[in-house]
Amino acid sequence: MIESVGPGVTAVRPGDRVMLNPGISDYTCEYCRAGEHSLCVSYRMLGEHLPGSMAELVTLPAHNVAKIPALAPELTWAEAAAFSLVTLTAWRMVVTRARLSPAETALIWGIGGGVSLTAMRIAKLLGARVIVTSSDDAKLATAKELGADITFNHKTQKVAQEVRALTHKRGVDVVVENVGAATWDDSLRSLRRGGRLVTCGATSGPHVSLDLRRMFWHHWSLLGSTMGNAAEYAEVVRRLGQGQLRPIVDHVYPMAEIRKAYERLAKGSSWGRSRSKCLPESHNLLPARRLGV
């Protein structure tokens with residue numbers, strides 16, 4: 001909720017229900033002027049490079065807020081808090097960077113995590129075929145209910161072998177990665193000639209190996225991706241207003257039980273996003289109540 005606005009701010013006013021884009025750009029560098037705000041030389045994230053939103057008040061540039069679209073039923077504060085970071089990240093990965101098309105197949109690791117789950121939903125929105133993995137059969141069953149075409153348990157199945165068999169040795173068009181070292185080799189083995197791997201994370205470790213001969217021989221494209229620009233954020237908010245990509249919230253925790261929320265995340269038990277009861281938005285678990293812009 002907007003508490004107050006600074007001089008010259010007209011897009012929002014006190015009392016507006018808003019969501020936050022937690023990526024802060026300076027809007028003056030060459031990348032910002034070209035519309036690539038997440039490439040900004042001064043790019044910073046709330047809760048990572050800047051103080052997070054575990055606070056009564058957070059002050060942000062007006063560029064970083066968007067009015068919550070009118071939906072029926074109304075978007076809850078928990079849903080609004082869970083929307084921006086994962087949806088913007090996944091949209092840029094799948095749509096802008098990987099350019100996934102309806103005729104293609106994507107492999108998405110770690111379904112159940114916020115970015116992976118949203119990437120799957122975006123891929124299905126585009127009309128693509130989607131293969132997802134998890135070490136949890138219950139998560140795989142839920143992913144199937146939400147539209148996944150094929151599911152693999154990466155704890156009990158050899159994903160690359162399964163993908164090659166499923167695609168008659170061709171491989172997938174796109175791999176969506178955020179795991180890193182633990183899955184990197186299988187990601188490459190799953191990729192077709194001319195395929196694209198897009199990654200936004202390294203949760204299992206940042207250092208991977210790469211045989212450059214395989215890369216150039218197979219014409220692979222290895223794509224990094226972080227958050228997104230203002231146009232992409234406006235598009236995902238527009239899609240939300242159309243009733244698409246409504247976020248899935250796993251659990252809502254009161255502030256007094258925030259340790260339990262972090263423990264749940266550490267165990268990998270969460271599905272989608274978990275939030276505290278002190279809302280709206282946050283980079284991790286703790287949204288702020290009021291906002292100044």
Side-chain angles (χ1 to χ4, degrees), residues 1-5 9 11-24 37-38 45-48 50-92 112-122 125 146 227-255 257-258 261 264-265 270-293:
M1 187 80 72
I2 296 289
E3 172 80 3
S4 61
V5 299
V9 174
V12 291
R13 60 185 180 181
D16 283 347
R17 299 176 77 240
V18 296
M19 302 179 295
L20 310 187
N21 176 353
I24 310 297
H37 307 103
S38 59
M45 296 281 293
L46 292 181
E48 186 170 350
L50 296 169
S53 51
M54 191 190 298
E56 287 289 322
L57 288 168
V58 176
T59 300
L60 288 176
H63 299 295
N64 286 81
V65 301
K67 291 182 180 179
I68 295 175
L71 292 171
E74 184 179 73
L75 201 71
T76 67
W77 281 122
E79 290 173 315
F83 176 76
S84 295
L85 186 144
V86 297
T87 311
L88 180 57
T89 298
W91 184 270
R92 187 172 181 87
V115 171
S116 297
L117 174 60
T118 308
M120 181 196 80
R121 297 173 70 202
I122 291 170
L125 190 64
L146 291 172
M227 292 294 288
N229 61 31
E232 290 161 332
Y233 188 57
E235 176 62 15
V236 296
V237 173
R238 186 185 72 82
R239 295 272 185 161
L240 176 63
Q242 293 180 336
Q244 302 170 353
L245 302 175
R246 188 165 184 147
I248 296 172
V249 177
D250 178 42
H251 277 66
V252 179
Y253 291 88
M255 290 290 283
E257 296 179 9
I258 199 62
R264 184 174 178 82
L265 287 176
S270 61
W271 175 262
R273 300 289 280 177
S274 300
R275 292 288 167 184
S276 77
K277 287 185 178 177
C278 176
L279 301 169
E281 159 84 28
S282 160
H283 177 51
N284 284 316
L285 290 171
L286 303 171
R289 292 195 186 102
R290 297 172 296 170
L291 182 69
V293 296

What residues, two or more places apart in sequence or in another chain, satisfy salt bridge (charged side-chain N to carboxylate O under 4.0 Å, His left out) together with R238?
E235
Taken in chain and number order and not counting sequence neighbours, the residues that satisfy side chain to side chain donor-acceptor pair (under 3.5 Å) with R246 are E79
Quick one: which residue pairs count as a salt bridge (Lys or Arg N to Asp or Glu O under 4.0 Å) with a foot in residues 80-90, not counting sequence neighbours?
none
By side chain to side chain donor-acceptor pair (under 3.5 Å), which residues pair with Q244, not counting sequence neighbours?
R239
When rounded to the nearest 0.5 angstrom, what is the spacing between CH2 in W77 and CZ in R17?
4.5 Å
Give the minimum heavy-atom separation between T89 and L85, together with the two atoms involved.
OG1-O, 2.7 Å
Is there a side-chain contact between I24 and H63 in this structure, where contact means two heavy atoms from C-beta onward sitting under 4.5 Å apart?
no
Qualifying side chain to side chain donor-acceptor pair (under 3.5 Å) pairs with a residue from residues 112-121, counting only residues at least two apart or across chains
S116-N178
Is it true that a side-chain atom of N64 and a backbone atom of N21 form a donor plus acceptor pair closer than 3.5 Å?
yes
My understanding is that only residues two or more places apart in sequence, or in another chain, count here; which of them pass salt bridge (charged side-chain N to carboxylate O under 4.0 Å, His left out) with E232?
R92
Minimum side-chain heavy-atom gap K67-V12 below 4.5 Å
yes
Using the side chain to side chain contact (heavy atoms under 4.5 Å, CB included) rule, take L146 and L117 through it: C-alpha gap first, then chi angles, then the decisive distance, then the call.
CA-CA 9 Å; L146 291 172; L117 174 60; 3.9 Å; yes
Under 3.5 Å: donor-acceptor pair, side chain of N229, backbone of A231
yes
Where do A90 and V115 come nearest, in terms of heavy atoms and distance?
CB-O, 3.8 Å
Contact between L50 and P22 at the side-chain level, heavy atoms closer than 4.5 Å - yes or no?
no
Flag side-chain contact, heavy atom, 4.5 Å: M227 against S84:
no
Go through Y253 and R264 one step at a time and tell me if the side chain to side chain contact (heavy atoms under 4.5 Å, CB included) criterion holds.
CA-CA 11 Å; Y253 291 88; R264 184 174 178 82; 2.8 Å; yes
Spatial distance of atom CD1 (I122) from atom CH2 (W91) [nearest 0.5 Å]:
6.0 Å
Looking only at heavy atoms, which two atoms of G241 and P69 are closest? And how far apart?
CA-CB, 3.6 Å
To check you understand the geometry: which heavy-atom pair defines the closest contact between A78 and V252, and what is its length?
CB-CG2, 4.0 Å
Side chains of I68 and F83: does their closest heavy-atom pair fall under 4.5 Å?
no
Sub-4.5 Å side-chain heavy-atom contact between L240 and L75
yes
